[in-house]
Amino acid sequence: VPTSTMMDFYVGGGIDYAFLGVGEADACGNVNVSNFAGRVPGVGGFADISANAKTLIFTATLTCGNLVTKVEDGKLIIVQEGSIQKFKKKIDEITFPSASQGQR
């Protein structure tokens with residue numbers, strides 16, 4: 001499926017549930033997916049998807065950066081915690097404001 005067709009589907013409200021990753025989050029529920037310590041990878045389709053999906057589910061590991069995991073017997077095992085915390089008091093940028101600040 002061409003990217004333009006997917007984006008038309010997203011913008012047209014075709015998504016009921018969207019599972020989106022989290023780069024950073026704060027205690028208020030604000031999410032950052034676009035700016036990390038001066039690195040700006042961009043948001044990709046995040047803005048279109050988060051603005052038009054009927055329900056958002058944010059997913060994340062608690063840490064990143066050298067995080068090592070494996071699955072054994074159907075269970076997730078953390079072999080080594082990551083060196084960077086994803087949940088912080090203050091995030092580098094608010095890409096998606098929490099429901100307490102917005103309409104969702």
Side-chain angles (χ1 to χ4, degrees):
V1 177
T3 301
S4 60
T5 302
M6 288 190 305
M7 295 306 288
D8 287 344
F9 182 74
Y10 300 158
V11 173
I15 300 175
D16 290 325
Y17 295 90
F19 292 82
L20 300 169
V22 171
E24 294 179 327
D26 66 19
C28 296
N30 298 307
V31 174
N32 174 17
V33 299
S34 63
N35 186 348
F36 311 102
R39 290 184 311 123
V40 185
V43 297
F46 180 92
D48 295 305
I49 294 168
S50 64
N52 294 292
K54 294 169 185 74
T55 302
L56 299 176
I57 297 103
F58 289 102
T59 64
T61 56
L62 299 176
T63 62
C64 64
N66 302 314
L67 172 65
V68 179
T69 62
K70 65 180 179 178
V71 176
E72 278 185 8
D73 299 321
K75 296 178 182 177
L76 178 65
I77 297 170
I78 299 171
V79 177
Q80 175 181 304
E81 273 295 351
S83 58
I84 302 169
Q85 295 291 321
K86 286 191 165 198
F87 291 85
K88 302 177 174 186
K89 290 182 180 178
K90 183 175 184 326
I91 57 178
D92 291 340
E93 180 174 281
I94 297 175
T95 310
F96 186 87
S98 73
S100 64
Q101 297 178 7
Q103 299 160 344
R104 291 194 187 223

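Since the model is a prediction, treat every value here as computed from it, not as a measurement.
Shown here for V33 and G23, the closest heavy-atom pair between the two residues is CG1-N, 4.2 Å. Here the closest non-hydrogen pair linking N30 and S98 is OD1-N, 2.8 Å. Closest heavy-atom contact between F58 and G21: CD2-O, 4.4 Å. Pairing each heavy atom of F96 with each of L56, the nearest pair is CZ-CD1, 3.4 Å.
Salt-bridge annotation for K88 and D26: absent, with no side-chain N of the basic residue lying under 4.0 Å from a carboxylate O of the acidic one. In summary, K86 and E24 do not engage in a salt bridge, as defined by a charged side-chain N under 4.0 Å from a carboxylate O.
Side-chain N or O atoms of K54 include one that pairs as donor or acceptor with a backbone N or O of G13 at under 3.5 Å. At least one donor-acceptor pair closer than 3.5 Å links the side chain of N32 to the backbone N or O of S34.
With rounding to the nearest 0.5 Å, the separation of CD1 in I77 from CD in E72 is 4.0 Å. Within the model, atoms CD of E81 and CG of L62 stand 7.0 Å from one another, a figure rounded to the nearest 0.5 Å.
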CA sep, side-chain torsions, deciding dist, call: I84, T63, side chain to side chain contact (heavy atoms under 4.5 Å, CB included): CA-CA 5 Å; I84 302 169; T63 62; over 6 Å; no
Begin with the C-alpha distance, continue with both residues' side-chain angles, and end with the deciding distance and a verdict on side chain to side chain contact (heavy atoms under 4.5 Å, CB included) for D48 and M7. CA-CA 8 Å; D48 295 305; M7 295 306 288; 2.7 Å; yes
Check step by step if side chain to side chain contact (heavy atoms under 4.5 Å, CB included) holds for L67 and I78. CA-CA 8 Å; L67 172 65; I78 299 171; 4.1 Å; yes
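Taking the side chain as every heavy atom from C-beta outward, V22 and T59 never approach each other to under 4.5 Å. In this structure, the side chains of S50 and L20 come closer than 4.5 Å at one or more pairs of heavy atoms. No side-chain heavy atom of N52 sits under 4.5 Å from any side-chain heavy atom of I49.
Hydrophobic cluster membership differs between I94 and F87, with clusters built from Ile, Leu, Val, Met, Phe, Trp and Tyr side chains linked at under 4.5 angstrom.
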